[in-house]
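Report on one structure; see the data block that follows.
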Amino acid sequence: MELYIHIPFCVRKCLYCDFLSGAYDKDVRDRYTNKICEEIEYYGRGMKDASLSSVYIGGGTPSWLEVSSMDRILETVYDSFRVEDDAEITLECNPGTAVKDAFKNYRDMGINRLSIGLQSANDDELKLLGRIHDFNQFLRTYEYAREAGFFDISVDIMTGLPYQDKRKLYYTLMKVGQLKPEHVSAYSLMIEEGTPFYDTYNFDSVKQQAGMPTEMLPNEDQNYGLTKLTEQFLEEHGYLKYEISNFAKEGFEGKHNTGYWKRVPYLGVGIGAASFLKRKTDVGTEEIRTKNISDMEMYLKTSFEGTYEEGVNSSAWEEPDILTRKDAMAEFMYLGLRMTEGITRDEFEDAFHVTIESIYGPVIKNAVADGLMTMSGGRIALTETGMDVSNRVLAGFLL
Ligand code: SF4
């Protein structure tokens with residue numbers, strides 16, 4: 001099983017951000033730390049046989065939480081669960097939020113992977129995004145991490161930014177490439193409702209999606225060019241694309257996210273955290289997807305007394321979705337096909353006891369004929385063209 005811990009604290013909100021995060025005072029941060037520890041203990045008491053293959057501390061900005069609080073949370077994880085010897089333990093970190101000594105402390109806590117949010121090496125772009133740091137602050141953070149002994153670092157960058165052209169993106173890629181992180185995530189900017197970016201750029205984004213000329217955001221063709229530049233640059237610099245937006249040096253693919261795409265069960269703790277769990281019923285095993293409540297005050301008032309029991313909902317959960325067999329098959333396909341290695345026929349058959357052809361024969365046949373998918377030796381994967389239009393191809397697997 002995997003564990004996700006949500007730390008929703010940020011110094012201030014970035015202008016494009018619609019994640020569950022915000023600037024909370026120290027009193028809330030302390031109460032939240034207590035509550036999240038209670039929640040971890042509650043599950044630990046009930047999941048005696050579970051062992052954790054990965055722990056991902058995401059946010060928000062987990063590196064903005066006091067080091068002593070982070071230490072308490074991880075101690076609680078170790079006391080409550082068996083953590084596998086080779087478990088990947090990742091902390092998301094934003095430049096300008098952790099002092100040098102913190103990284104040494106993170107290592108001592110067992111954290112062995114960092115995911116650092118850079119987004120751009122151009123200071124004007126960082127300013128436009130409302131990030132709290134400049135590129136030099138990122139460099140210092142990166143240096144502290146390396147000095148403290150982190151040898152598995154992921155750097156996040158963004159494409160499709162307002163006014164971004166190939167020259168600007170190339171500069172970011174070049175600066176990141178020089179540092180040789182083990183992993184790079186490259187996501188395209190999405191203009192989300194309710195953010196300041198929505199007010200400024202939504203008009204342009206609608207035109208972008210309709211394939212019309214835009215003034216501020218890159219148009220569809222330009223966006224495609226930016227994505228291809230990223231892929232080409234990273235591949236030439238020794239990174240393998242192993243998922244639609246993720247690139248890694250060999251052996252450094254993120255275990256935690258790969259688990260999501262392979263449908264490994266995960267438990268999420270903290271506000272808004274999602275879980276995917278399997279539980280035994282009288283007639284077999286059922287799969288559920290659920291999410292914690294998103295309201296901070298409600299979460300802080302939640303009681304985690306007692307012990308988690310399969311079949312009894314946690315008091316922090318919103319109503320869980322019980323997956324039907326069709327839901328599970330569709331997820332298997334559209335999550336698995338996000339990975340460049342794709343999925344195999346045997347895996348499908350092991351999971352569902354029917355052949356993949358009996359469910360998806362025509363969809364696969366058409367996608368192969370259109371050059372969007374390959375099927376060879378029992379392995380099914382998207383082609384490069386299929387990856388470029390993955391939303392459309394993957395939607396074909398919904399049942
Ligand atoms: S640091 Fe990340 S989570 Fe926090 S406001 Fe910025 S984008 Fe959102």
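Read the numbers this way: they start at 1 and go in the same order the structure lists the ligands and their atoms.
N94 and R131 share a donor-acceptor pair across their side chains, judged by distance under 3.5 Å alone. Side chains of R146 and Y142: a donor-acceptor N/O pair is present below 3.5 angstrom, by distance only.
At a 4.0 Å heavy-atom cut-off, the residues surrounding ligand 1 are C10, R12, K13, C14, Y16, C17, F19, S21, G60, T61, N94, R131, listed by chain and number.
Taking the centre and axis of the six-membered ring of F135, the NZ or CZ atom of K175 falls outside the cone set by 45° and 6.0 Å.
Each of W317, Y32, Y24 was evaluated against Y299; a single residue qualifies, Y32, per the ring-ring contact (aromatic ring centres under 6.0 Å, His included) test.
L217 forms part of a hydrophobic cluster together with L15, Y16, L128, L129, M158, L161, Y163, L189, I191, F197, Y198, Y201, M216, judged by ILVMFWY side-chain heavy-atom separations under 4.5 Å.
Checked against a 6.0 Å centroid threshold, the rings of Y260 and Y266 count as neighbours.
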